[in-house]
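A quick write-up on the structure given underneath.
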Amino acid sequence: MLHKLENDTLKITVAERGAELKSITAVSDGTEYLFDSDPRWWKYSAPVLFPIVGKVNGNKYRAEGKEYELPQHGFARTSDFWLVDATADTLTFALESNAATLKAYPYKFRLEISFELIGNEVKVGWKVANVDDKAIYFSIGAHPAICCPIAYRESFEDCYLKFNAAEKSARILLATSGTLTHERIPTLEGTELALNYELFKGDALVFDDLKSDEVTVCSRKSSKSLTLRAKGFPYWGIWTPAQGGAPFICIEPWHGHADYSDFDGELKDKEGIIKLAVGESFETSMSFIINN
């Protein structure tokens with residue numbers, strides 16, 4: 001089921017499956033800013049990654065002394081959330097642990113995802129609550145696919161990413177398995193990254209040292225752009241399908257990342273993992289700012 005919000009500037013659509021944002025449209029001229037889930041390229045638009053980000057080695061991991069199996073990016077993106085609150089400018093969805101999730105992830109949780117329209121901004125909030133009788137461990141991240149190009153009759157190569165701080169960063173290379181290696185290649189210097197499909201022949205660009213908390217998808221041929229603001233996220237990914245031709249770029253702020261290929265510890269020992277004590281909650285947010 002789809003749910004909609006609209007103000008004088010924007011219209012958004014959110015699906016109950018995955019509490020996934022499916023559309024961000026400018027009211028003034030109908031410009032769409034979010035990829036439409038065309039399965040020729042990718043079947044998602046903006047999934048949440050939970051309780052892991054990326055892949056665990058062999059799709060298996062250990063927690064509480066036992067082995068479990070999780071697919072890439074976890075199960076939230078394919079789970080059915082339910083609407084728990086709605087106002088004129090907000091929607092809030094929830095997912096709770098259940099018999100199926102406990103078979104793959106041995107922790108009891110409540111995940112709430114909220115959406116709020118504020119002028120030309122779509123604010124997305126996440127809240128993870130520990131409802132277990134022990135500490136829980138998790139990662140969470142975003143994977144929005146932003147139209148690239150945004151404007152009609154432009155190309156992917158007309159676009160670039162603009163960062164709100166000067167960067168000098170090397171990407172962490174991925175193994176063919178999709179896990180992280182310990183190799184790095186200098187990739188980003190300054191405040192702009194020109195886009196071309198060749199950049200992604202080695203899969204996603206993964207960074208763990210960005211100073212920026214805003215990344216804007218821009219064009220050299222038009223003024224339409226989208227800024228993703230995500231404060232306090234230690235890891236970022238940038239991705240589009242390696243074969244080229246896909247009309248989107250994913251800008252992905254993460255709390256956590258894929259396993260390193262040589263990692264063999266428990267989930268609680270993984271770099272970037274979040275720990276919540278009994279009764280605690282973790283909250284964070286990001287925003288899409290539309291420059292139409």
Side-chain angles (χ1 to χ4, degrees), residues 17-21 44 46-82 84 92-115 124-144 172 178-180 204 206-208 230-237 250 252-261 263-286:
R17 172 59 62 93
E20 184 180 2
L21 187 62
Y44 299 99
V48 62
L49 316 180
F50 176 88
I52 58 170
V53 170
K55 287 189 175 182
V56 290
N57 282 312
N59 291 326
K60 295 179 180 179
Y61 71 101
R62 293 199 314 278
E64 308 296 318
K66 296 181 180 180
E67 186 174 82
Y68 296 88
E69 188 167 344
L70 274 174
Q72 183 178 23
H73 298 319
F75 51 69
R77 65 178 178 170
T78 57
S79 296
D80 290 322
F81 287 64
W82 71 95
V84 294
T92 303
F93 300 83
L95 174 69
E96 292 184 347
S97 50
N98 53 54
T101 69
L102 288 168
K103 289 180 181 178
Y105 176 68
Y107 299 109
K108 296 177 182 178
F109 67 89
R110 179 182 171 92
L111 169 60
E112 291 188 357
I113 303 179
S114 62
F115 301 86
V124 183
W126 297 329
K127 180 179 179 181
V128 182
N130 179 355
V131 297
D132 212 321
D133 58 4
K134 60 182 180 287
I136 71 171
Y137 301 88
F138 67 92
S139 294
I140 191 167
H143 202 320
I172 304 171
T179 54
L180 298 181
V206 177
F207 300 99
D208 64 359
K231 297 181 181 294
F233 286 75
Y235 309 101
W236 290 74
C250 290
E252 308 173 36
W254 302 331
H255 283 280
H257 57 68
D259 277 359
Y260 280 97
S261 299
F263 177 73
D264 62 358
E266 285 216 354
L267 185 66
K268 66 181 179 64
D269 303 318
K270 185 174 174 177
E271 179 183 276
I273 209 75
I274 298 171
K275 176 183 178 180
L276 280 183
V278 175
E280 286 188 342
S281 296
F282 169 85
E283 294 187 56
T284 191
S285 66
M286 65 177 184

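When a residue number appears, it is its place in the shown sequence, counting from 1. A quick note: this is a predicted structure, and the numbers were derived from the prediction, not measured. The figures that follow rest on heavy atoms only: side chains count, while hydrogens, waters and symmetry mates do not.
Taking CG from L180 and CD1 from I172, the interatomic distance works out to 5.5 Å, rounded to the nearest 0.5 Å. With values rounded to the nearest 0.5 angstrom, S285 atom OG is found 12.0 Å from F115 atom CZ. Taken from CZ in F75 to CG in L49, the straight-line distance is 12.5 Å, to the nearest 0.5 Å. Rounding to the nearest 0.5 Å gives a distance of 10.5 Å between CG of L95 and CD of E112. R77 CZ to R17 CZ: the interatomic distance, rounded to the nearest 0.5 Å, is 12.0 Å. Here the CD1-CD distance, from I274 to E280, works out to 11.5 Å after rounding to the nearest 0.5 Å.
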- Task: Could you give me the CA-CA distance, side-chain angles and deciding distance for F81 and L111, then say whether side chain to side chain contact (heavy atoms under 4.5 Å, CB included) is met?
- Result: CA-CA 9 Å; F81 287 64; L111 169 60; 3.9 Å; yes
- Message: Applying side chain to side chain contact (heavy atoms under 4.5 Å, CB included) to I136 and K108, what does each step give before you reach the verdict?
- Response: CA-CA 8 Å; I136 71 171; K108 296 177 182 178; over 6 Å; no
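Contact of the H257 side chain with the D208 side chain is not registered, since no non-hydrogen atoms from C-beta on lie closer than 4.5 Å. The side-chain heavy atoms of H143 and Y44, taken from C-beta on, include no pair separated by under 4.5 Å. In this structure, the side chains of Y260 and E271 come closer than 4.5 Å at one or more pairs of heavy atoms. Residues S281 and L276 are not in side-chain contact: their nearest non-hydrogen atoms beyond the backbone lie 4.5 Å or more apart. The shortest distance between side-chain heavy atoms of V206 and Y235 does not fall below 4.5 Å. Considering only heavy atoms from C-beta on, D132 stays 4.5 Å or farther from P106 through its side chain. Side-chain contact check for K270 versus V56: some heavy-atom pair is nearer than 4.5 Å. L267 has its side chain within reach of Y105: a pair of non-hydrogen atoms, C-beta onward, lies under 4.5 Å apart.
Looking at every heavy atom in both residues, T92 comes nearest to S114 through OG1-CB, 3.6 Å. Nearest heavy-atom pair, A46 versus L21, reported as atom, atom and distance to 0.1 Å: CB-O, 3.5 Å. Minimum heavy-atom separation, A19 to I113: CB-CD1, 3.9 Å. In this structure, M286 and A230 approach most closely via the heavy-atom pair CB-CB, 4.0 Å. Nearest approach of S139 to F50, heavy atoms of both residues: O-CD1, 3.5 Å. Pairing each heavy atom of Y107 with each of F109, the nearest pair is O-CD2, 3.6 Å.
Annotation: side chain to side chain donor-acceptor pair (under 3.5 Å) contacts of E69 (sequence neighbours excluded): none. Taking E96 as the reference, R110 meet the salt bridge (Lys or Arg N to Asp or Glu O under 4.0 Å) condition, with sequence neighbours excluded.
Put simply, the side chain of R62 gets close to the backbone of D264: a donor and an acceptor are under 3.5 Å apart. Between the E266 side chain and the G65 main chain, a donor and an acceptor come within less than 3.5 Å of each other. Looking only at distances, a side-chain donor or acceptor of N57 sits under 3.5 Å from a matching main-chain atom of F263.
A perpendicular orientation is assigned to the rings of F138 and F282, their planes being inclined by more than 60° (bins at 30° and 60°).
Within 6.0 Å of the NZ atom in K134, the count of heavy atoms belonging to other residues, nucleotides or ligands exceeds 12.
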